[in-house]
Amino acid sequence: MTSVPALSALVVNAPVEITSVNASFVKKHLAATLNDKHSRVDLQMRQTRFIDSSGLGILVYLHKLMNARGGRVRLLQPSRGVLQVLELTRMDHLFEIIR
Amino acid sequence: MHAPPSGAIFETACHVQGAREMARLVRAFLERHQLDEQALSDWELVTTEAAMNAVEHRPAHLPPERDMLRVLVNVWPDVVEVFVDDQNNGFSFPQCPQLPDGESEGGRGLFIISQLTDSTHYVRGISGNTLVMRRLRRNNHNVQDVQRGDPLEETLEMMTEELGASYECLSSIFRFCKDFGETEDITGSITRWLHELVRITGSSWFLMRRFHEDENSLRVLCSSGMKVPEAAEVLCLDETAPESVETLAAQKRIEVLFDDCTSDALKEPLIEIFHEAVSGISYPVQVSGQLFGVLTLGCDTAACKLKARDTRMTRIFADFLAIQLSHTMAQQEAASARLLQHDIAIAAEIQRLLLPRTLPVIPGFTCAAMLHAAQSVGGDFYDVLPLAGQGALLVIADVMGKGPAAALFAIMFRTHLHMLSSMAATPGVLLAELNDRLYQDLDKTDMFVCAQLAWLDLPSGSVTIASAGHCPALVVDRHGRQLIEARCEGPPLGVDPEAEYGEITLDETQTCHLLMITDGITDARNPQGDMLGMGPVVTCLMRNAARGGNATQLRESILKLITDHVQQAPAADDMTLLVLSRDVPVPGIQAARLGTFNRMTA
């Protein structure tokens, strides 16, 4: 997982899977990388093949974090599988999704 | 009837990595059955959610053999079912799980499971629970035709069959409970019940082996009637013994599913019994965490194979059997404990009756005694027997062991002692006589008696001591200056049929105070575990003599010494003492006292 600051947006490359196995690590990484200057997080999800409910919990955490700062989160190029899970749990309305 | 399913069981240690791996294995297994990509992704997600739940909510401190994650997959022609076992306390699976509010970081797992499967049931069991998830297959040919949730005929048939079997299982459990409560023939009751299990599951046979801890082996307890050859009668559980389906179940405390392939790989006693390949399940029956035995249920491979439902049924029967056995054993233990209490009460009464109600008055002497019984009844004993016109015989003894057996030998010892005491010439001869009378019975029961006799000869004032394996008598002069530890040769009674017993005779000046004790006093331990030892007892004796104390005062001093040492620690053994103290001589009255004694004992 890598993070690339771009002006006021932070671009984060999401891992291949976001599950209970790595949820804690992803959360810590996001908390450590984000700062007050970032008004937007772009989560690059092109490589993410699998996400479970713990992974969805991380997305909600990120959403709440940025919302509190007046910022927003964009999900970039989520795979079909990830998109289906987002739609199933109606979380596709929570984020701006760039296909 | 529907065709048999293709199934697989995956098992791993219970952690999140394991849970994720389970889901990948399920996906890989389903890939081999040509499920479409959508179904594969859905099952991978659903299994991940269910397995992660099992990991997250498992109780702390499970033993490693139970801290396992197990997933079973069955692929039927039109249905896929996945069972995820857990060791949790169980919960109520909601009928229609709802999504939490959008800001919640958790609580979506059950919703995902319910949305991506056609039916979910959470079955709470005795030793664990199972989440059963089913979903109709939508193959390439009819994917457009089949609507999610439409029950197909075969699925209905399967479910009806399973429901029927469950009812049969339940009613069988009720019958077993009734039977088990009414009979003393436990093995017969188990046999009848396992015959029912064979009928319900449609299997061919059962074999129940009982674990024998003393020889670390499994022995046949009962079976469905097949002949078990001698070579397969006992299965050794040593590490060096050949591994088999049943020994594996016993050693690892896991269920072992086997078929002809598995059997080939093992040196299989089941093949010795059936002379052909078999398939089935071996399941460890554990009562309160201890292995009771192994139940094996099987059928001929050619005829049929056990279905997942049947193996579950076997687990339920075995677990229930364990509960019943546990209750029965607890009842038996309670009955034994009651019996033991009764025995101990009788033994305590015997011990009390054996002791003299009062000690005889010996002219010119004071006598005192004490017996402090430990929690359970021991075999300590003391007595003082007047010897007509001659003096008195002081006796202290300790029968090895506790309870009724020790009390019975104490009775025998006392009877022979009273019979022989007036006939024997000296205490050493008396011990040899007692040994002669008691040896045979003591030897047969691997018991022995430690005893010490002190013969006070009133005319001369001397004391002759003899001992049968007893700790030394302590003798001290009037001023508390000279201590003699009277160590006499001779083994305990019941050890050597030809034993001879040495004697020590001490004159009047040496024997002002005589203290005879059992080792329960010197071995008395304080709360830290330290023994009292002989030293403090000797000091107590010397001080009492120096200040002119009599037998009663010495007994009280030693009692205080013991109480101060042990404090609140419970006594491990009986503590007994017998004291004889010579009165301070008053010139001119010795003859008169002797006369009084003679009249009393005539």
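Everything quoted here is computed from the prediction, not taken from an experiment. Chain identifiers are assigned alphabetically (A, B, ...) following the order of the sequence lines, protein sequences preceding nucleic acid strands; residue numbering begins at 1 within each chain.
Counted within 6.0 Å of CD on B/Q17, heavy atoms from surrounding residues, nucleotides or ligands total more than 12; the atom is thus considered enclosed. Annotation for A/R90: atom CZ does not count as buried by contact number, only 12 or fewer foreign heavy atoms lying within 6.0 Å.
A/H63 is not listed as a side-chain neighbour of A/M91, based on a closest heavy-atom distance of 4.5 Å or more. A/L83 is not listed as a side-chain neighbour of A/D92, based on a closest heavy-atom distance of 4.5 Å or more.
If you measure heavy-atom distances from A/L94 to chain B, the contacts under 4.5 Å come from the side chain alone. Residue A/L59: no heavy atom, backbone or side chain, is found under 4.5 Å from chain B. Heavy atoms of B/L45 lying under 4.5 Å from chain A belong to its backbone as well as its side chain. The contact between A/T19 and chain B is made entirely by side chain atoms (from C-beta outward), counting heavy-atom distances below 4.5 Å.
Note that B/R20 lies in the cation-pi zone of A/F50, set by a 6.0 Å cut-off to the ring centre and a 45° limit from the axis.
Interface check for chain A: of the options B/H15, B/E103, B/E37, the most heavy-atom pairs under 4.5 Å are formed by B/E103.
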